[in-house]
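Below is one structure; the comments refer to it alone.
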Amino acid sequence: MKVNLNYKENEDLSEDEFILDIQYSSKNHKSQHFIKYIKSYDIAYKNKVIVENDDYSLLEINCDDIIMFYSNKKNNYCKTKNGTYRIKSKLYELEKIDSNFMRISKSTIVNIKHIEKFDLREIGKIVIKLDNSIEVIVSRRRANNIMKFLEDRRI
């Protein structure tokens, strides 16, 4: 297979963005494998978060394994079933990495895949129970977003 690379800088793109334009013949079946590889790389890249371990090593965690992100004092953390890790990213940046992450307060983002139940027993208060037995309270400011989320999924 012959591959020609043409590249140029584009100052309009952000630093973590690039455009890949692939042109191929429909008769070339190897190109389909190449395109599938590029797509799988993109998905794998987007669904990973780099965290700092206790021994100052860096770990790569799949987004599906993340239960929640939260802030405590001046640091941000990532909570998984395997442990809690300090992260360098800001919470507003983490909200955008996957559509399964939902902001429930100024200091907490949860992964909707790890929500076991919503407790609405107390008037004006929503408590979310996550699958690791952690309960987090939804702020009053975010309560309308949570109610809309629940309404969209109600049968």
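Atom CD1 of residue Ile87 and atom NZ of residue Lys79 lie 13.5 Å apart, to the nearest 0.5 angstrom. Here NZ of Lys113 is found 6.5 Å from CG of Asp98. Values are rounded to the nearest 0.5 Å. Here the CZ-OH distance, from Arg103 to Tyr92, works out to 10.5 Å after rounding to the nearest 0.5 Å. The distance from atom CG of Asn145 to atom CZ of Arg141, rounded to the nearest 0.5 Å, is 11.0 Å. Remark: Lys125 NZ to Asp119 CG distance equals 8.5 Å, nearest 0.5 Å. Once rounded to the nearest 0.5 Å, the distance linking NZ of Lys148 with CZ of Arg142 reads 14.5 Å.
Nearest heavy-atom pair, Cys78 versus Ile66, reported as atom, atom and distance to 0.1 Å: SG-CG1, 3.7 Å. Looking at every heavy atom in both residues, Lys106 comes nearest to Leu91 through O-CD1, 3.8 Å. Of all heavy-atom pairs spanning Ile97 and Cys63, the tightest one is CD1-SG, 3.8 Å. Residues Asn76 and Ser89 share a closest heavy-atom pair of ND2-O, 2.9 Å.
For the residue pair Thr80 / Asp65, no side-chain donor-acceptor distance below 3.5 Å is found, with atom types taken as modelled.
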Under the criterion ring-ring contact (aromatic ring centres under 6.0 Å, His included), I'd like the reasoning laid out for Phe101 against Phe69: C-alpha separation, chi angles, the key distance, then a yes or no. CA-CA 9 Å; Phe101 290 111; Phe69 294 109; 5.1 Å; yes
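Within a 6.0 Å radius of CG in Asn10, more than 12 heavy atoms belonging to other residues, nucleotides or ligands are found.
The side-chain heavy atoms of Asn111 and Met68, taken from C-beta on, include no pair separated by under 4.5 Å. In this structure, the side chains of Val110 and Leu130 come closer than 4.5 Å at one or more pairs of heavy atoms. A heavy-atom distance below 4.5 Å is found between the side chains of Phe118 and Ile126. Residues Tyr70 and Thr84 form a side-chain contact, since some pair of their non-hydrogen atoms from C-beta on lies under 4.5 Å apart.
When the side chain to side chain donor-acceptor pair (under 3.5 Å) test is applied to Ser139, no partner is found at least two apart in sequence or on another chain. Listed by chain and number, the residues in a side-chain contact (heavy atoms from CB on, under 4.5 Å) with Asp131 are Ile67, Lys81, His114, Glu116 (sequence neighbours excluded).
There is no path of hydrophobic side-chain contacts, each under 4.5 Å, that joins Phe149 to Leu94. Hydrophobic clustering (ILVMFWY, side-chain heavy atoms < 4.5 Å, transitive): Ile61 and Tyr77 are in distinct clusters.
Considering Ile134, Ile137, Val136, Ile112 in turn, Val136 is the only one that fulfils the side chain to side chain contact (heavy atoms under 4.5 Å, CB included) rule with Ile128.
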